[in-house]
Amino acid sequence: MISWKNLDTLTSFQELSKTKQVNLPEVMSGENGAERVRKYSVPMAEGLNYNYAAKKVDDDILELLVKLGEEAQLADKFKALYNGEVINTGEQRLVMHQMVRGQLGDPVTADGVDKRTFYVEQQQKIADFANKVHAGEIVNEAGEKFTTVVQIGIGGSDLGPRALYIALENWARANDTLKLEAKFVSNVDPDDAAAVLNSIDVAHSLFIVVSKSGTTLETLTNETFVKEALKKEGLNPSKHMLAVTSETSPMAKSEDYLAAFFMDDYIGGRFSSSSAVGGAVLSLAFGPEVFAQFLEGAAEEDKLSAGEDVLKNPEMMDALISVYERNVLGYPTTALLPYSQALSRLPAHLQQASMESNGKSVNRFGEPINYQTGAILFGEPGTNGQHSFYQLLHQGTDIVPLQFVGFKNSQIGTDVEIQGSTSQQKLCANVVAQIVAFACGRPNENPNKNFKGGRPSSIITGDQLTPKSLGALLAHFENKFMFEGFLWNINSFDQEGVQLGKILANQVLAHETDGALKEYSDLLNI
């Protein structure tokens with residue numbers, strides 16, 4: 001029997017709160033540090049590895065974290081989720097984004113259909129369409145092949161697919177599997193759509209309009225902007241546009257689109273990259289085989305997330321340490337720092353996935369909670385971030401837990417040697433140096449040059465960023481955020497916090513305003 005309890009009522013959490021904190025500079029120095037690096041790691045799928053040696057944990061704290069994971073029934077709650085229980089209590093919905101990648105447990109039927117079968121059918125439908133585009137069987141009105149695909153969406157319909165496309169673009173070029181160049185339009189600011197349209201040949205472009213409801217204001221506005229641009233070029237928009245939506249939306253059976261691919265209400269936008277939302281654009285850009293590899297990597301990581309042994313479950317361990325840092329050590333922020341330019345947009349995507357999921361102040365039953373929940377997440381790729389905000393991370397008054405990502409090899413397979421080392425070696429040397437510098441610091445009599453250390457970090461390492469390892473990496477963070485929500489006893493799968501602004505914006509556009517709303521509207525001449 002699953003019991004949903006607030007974090008501060010759990011015995012193991014109360015014990016954890018009284019435990020002596022780890023002196024990170026001490027335990028990470030010399031041979032002690034070397035032993036920790038060898039000891040405190042968990043293998044992930046596709047050759048990845050989660051190492052938490054530079055976190056403020058020791059065997060005593062880990063023992064209590066294991067107890068906390070067991071007392072909070074993390075494995076049981078995930079099992080209930082993938083077996084089709086209603087975990088999204090705010091909207092009374094199933095949570096099915098893992099099912100898109102593979103079936104972890106029992107068959108799940110909803111809306112009168114087997115959900116795994118439904119998702120596989122949509123993936124095959126996308127694959128068939130993409131293959132026909134690549135083969136020149138689906139062409140523009142002049143009989144010419146398409147060269148570009150443009151995704152029109154916002155939030156989860158943009159951030160995840162955009163991050164994944166950027167992550168694999170160089171890999172695809174190096175492996176001769178880039179089929180179509182992809183662009184993205186998200187902001188309702190007309191300059192966004194105009195900039196993309198000015199950078200492409202619209203006559204040879206496909207446009208994917210992504211809106212689950214078919215009513216998303218920003219997306220429909222940008223769709224109209226693009227349609228007008230196509231008409232000005234003498235082109236028929238319906239010959240250039242695809243839809244990714246739900247079967248019940250007004251877009252589903254519209255003749256305005258060449259084809260429509262479906263998702264459902266059981267997949268939240270920020271978790272939708274594995275669905276048709278990411279599948280259509282990535283299959284068109286790289287080929288459906290590449291997208292299938294991405295799904296395979298994610299599915300393998302999901303299997304690890306379903307494991308009951310906390311010490312062998314990288315997502316569960318990452319979440320438990322994160323909650324320890326948030327609720328015992330009192331750290332309000334965390335930084336995601338991928339030492340891979342290909343992952344330049346991953347922090348933005350995971351910022352939404354984390355903060356939209358776990359930015360809650362009431363529990364699953366709508367009751368106020370008395371402890372902190374989701375941390376503020378930010379990040380940039382290394383080494384760029386080192387020359388930006390690392391000053392604060394090293395010597396600022398706040399301690400910010402850090403999550404690094406690094407790969408032994410680049411995606412392109414070529415490199416240059418300068419001053420005795422290659423570019424990739426220089427990149428990896430920087431991330432290694434940063435981990436130790438943050439943990440151990442360096443004393444100096446000059447206060448301005450004194451580094452106290454004691455700043456915790458973890459790192460996920462791998463051989464190379466590929467479609468499979470990217471899938472595993474994405475699943476790691478999605479499942480980490482899920483486990484954090486379970487620990488905090490909140491609903492990580494709705495997002496009521498984004499609704500109020502939309503409602504007031506519609507009032508402004510309808511000129512139904514007074515007070516401050518009217519004055520601000522007048523300032524911007526609305």
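Sequence positions, counted from 1, serve as the residue numbers for this chain.
For CD of Q372, the number of neighbouring non-hydrogen atoms (other residues, nucleotides, ligands) closer than 6.0 Å is 12 at most. Heavy-atom contacts from other residues, nucleotides or ligands closer than 6.0 Å to OH of Y520 number 12 or fewer.
Of the charged side-chain nitrogens involved, none lies within less than 4.0 Å of a carboxylate oxygen, so that E121 and K125 do not count as a salt-bridged pair. Of the charged side-chain nitrogens involved, at least one lies within less than 4.0 Å of a carboxylate oxygen, so that K360 and D494 count as a salt-bridged pair. Remark: K55 engages E325 in a salt bridge, criterion side-chain N to carboxylate O under 4.0 Å.
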Checklist entry - Step by step, would you call F225 with I152 a side-chain contact (heavy atoms from CB on, under 4.5 Å)? => result CA-CA 11 Å; F225 196 103; I152 304 172; over 6 Å; no
Item to check | side chain to side chain donor-acceptor pair (under 3.5 Å) between Y82 and D302, intermediate numbers included | outcome: CA-CA 10 Å; Y82 61 69; D302 286 337; over 6 Å; no
Checklist entry - Can you list the steps and then say if N491 with N88 is a side-chain contact (heavy atoms from CB on, under 4.5 Å)? => result CA-CA 6 Å; N491 177 17; N88 179 354; 2.9 Å; yes
Next on the checklist: The test is side chain to side chain donor-acceptor pair (under 3.5 Å); show your working for N479 and Q98 and say whether it passes.
Outcome noted: CA-CA 9 Å; N479 295 336; Q98 287 95 351; 2.9 Å; yes
Next on the checklist: Quick one, N187 with E218, criterion side-chain contact (heavy atoms from CB on, under 4.5 Å). Give me CA distance, side-chain angles, the key distance, then yes/no.
Outcome noted: CA-CA 7 Å; N187 201 325; E218 296 94 336; over 6 Å; no
Checklist entry - Checking side chain to side chain donor-acceptor pair (under 3.5 Å) for the pair D128/Q124: CA distance, chi angles, key distance, verdict? => result CA-CA 6 Å; D128 292 343; Q124 188 59 53; 2.8 Å; yes
Checklist entry - Run the side-chain contact (heavy atoms from CB on, under 4.5 Å) check on F294 and L164 step by step: do they pass? => result CA-CA 10 Å; F294 164 78; L164 300 182; 3.6 Å; yes
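Not a single donor-acceptor pair under 3.5 Å links the side chain of N363 to the backbone N or O of N489. Side chain of Q123 to main chain of V100: a donor-acceptor pair is present (N/O by atom type, distance under 3.5 Å, no hydrogens or angles). Checking side-chain atoms of R101 against main-chain N and O of E296 turns up no donor-acceptor pair under 3.5 Å. Distance alone, capped at 3.5 Å, is enough to place a donor-acceptor pair between the T466 side chain and the S469 backbone. Although no hydrogens or angles enter the test, the distance criterion places no donor-acceptor pair under 3.5 Å between the side chain of D398 and the main chain of Y331. Proximity of a side-chain donor or acceptor of Q122 to a complementary backbone N or O of F261 within less than 3.5 Å is not detected. A donor-acceptor distance shorter than 3.5 angstrom exists from the side chain of N198 to the backbone of A194, with no hydrogens or angles considered. For the pair N83 (side chain) and D106 (backbone), a donor-acceptor distance under 3.5 Å is present. Under the 3.5 Å distance criterion, the side-chain polar atoms of Y165 are left unmatched by any main-chain donor or acceptor of V281. The backbone N or O of S305 sits less than 3.5 Å from a side-chain atom of N313, completing a donor-acceptor pair.
With contacts defined as side-chain heavy-atom distances shorter than 4.5 Å, the pair E356/V498 qualifies. Residues W171 and L470 fail the side-chain proximity criterion, which asks for heavy atoms closer than 4.5 Å. You'll find the side chain of K480 stays beyond 4.5 Å of the side chain of Y50, heavy atoms only. Looking at heavy atoms from C-beta onward, L337 lies in side-chain contact with Y390 at the 4.5 angstrom threshold. For the pair I87 and F486, the minimum side-chain heavy-atom distance is below 4.5 Å. The side-chain heavy atoms of T461 and N51, taken from C-beta on, include no pair separated by under 4.5 Å. I126 is not listed as a side-chain neighbour of P288, based on a closest heavy-atom distance of 4.5 Å or more. Side-chain contact between N358 and I490 is present, with at least one heavy-atom pair separated by less than 4.5 Å.
With hydrogens and angles left out, the side-chain atoms of D264 and Y119 include a donor and acceptor closer than 3.5 Å. In the model, T177 has no side-chain atom that pairs as donor or acceptor with a side-chain atom of N175 under 3.5 Å. Side-chain polar atoms of D318 and Q403 form a donor-acceptor pair below 3.5 angstrom.
Minimum interatomic distance between T89 and R364 (heavy atoms only, all atoms of both residues): CG2-NH2, 3.1 Å. Residues P314 and L304 come closest through the heavy atom pair CD-CB, 4.3 Å. Nearest approach of A110 to L94, heavy atoms of both residues: CB-CD1, 3.8 Å. Across all their heavy atoms, Q411 and A167 have their closest contact at NE2-O, 2.8 Å. Residues T219 and S211 come closest through the heavy atom pair CG2-CB, 4.5 Å. Taking every heavy atom of both residues into account, M44 and A472 meet most closely at CE-O, 4.4 Å.
Rounded to the nearest 0.5 angstrom, L242 CG and F129 CZ are separated by 4.5 Å. Summarising the geometry, atom OG belonging to S157 is positioned 11.0 Å from atom CD1 belonging to I208; distances are rounded to the nearest 0.5 Å. The CG atom of L65 sits 6.5 Å away from atom CE of M317, with the distance rounded to the nearest 0.5 Å. With rounding to the nearest 0.5 Å, the separation of NE2 in H134 from CZ in F286 is 10.5 Å. Summarising the geometry, atom CG belonging to L284 is positioned 13.5 Å from atom CD belonging to E181; distances are rounded to the nearest 0.5 Å. Within the model, atoms CE of M482 and CG of L487 stand 10.5 Å from one another, a figure rounded to the nearest 0.5 Å.
Relative ring orientation between F477 and F481 is described as tilted, the plane-to-plane angle lying within the 30° to 60° band. By the 30° and 60° cut-offs, the orientation of the rings of F493 relative to H97 is tilted. The aromatic rings of F483 and F78 lie perpendicular to each other, with more than 60° between the two planes, well past the 30° mark.
Across I369, L7, N6, a single residue satisfies side chain to side chain contact (heavy atoms under 4.5 Å, CB included) together with W488, and that is L7. A side-chain hydrogen bond (donor to acceptor under 3.5 Å, both in side chains) with E484 is found for exactly one of S322, S492, S357, S354, namely S322.
In this structure, the ring of F389 has its center less than 6.0 angstrom from the ring center of F378.
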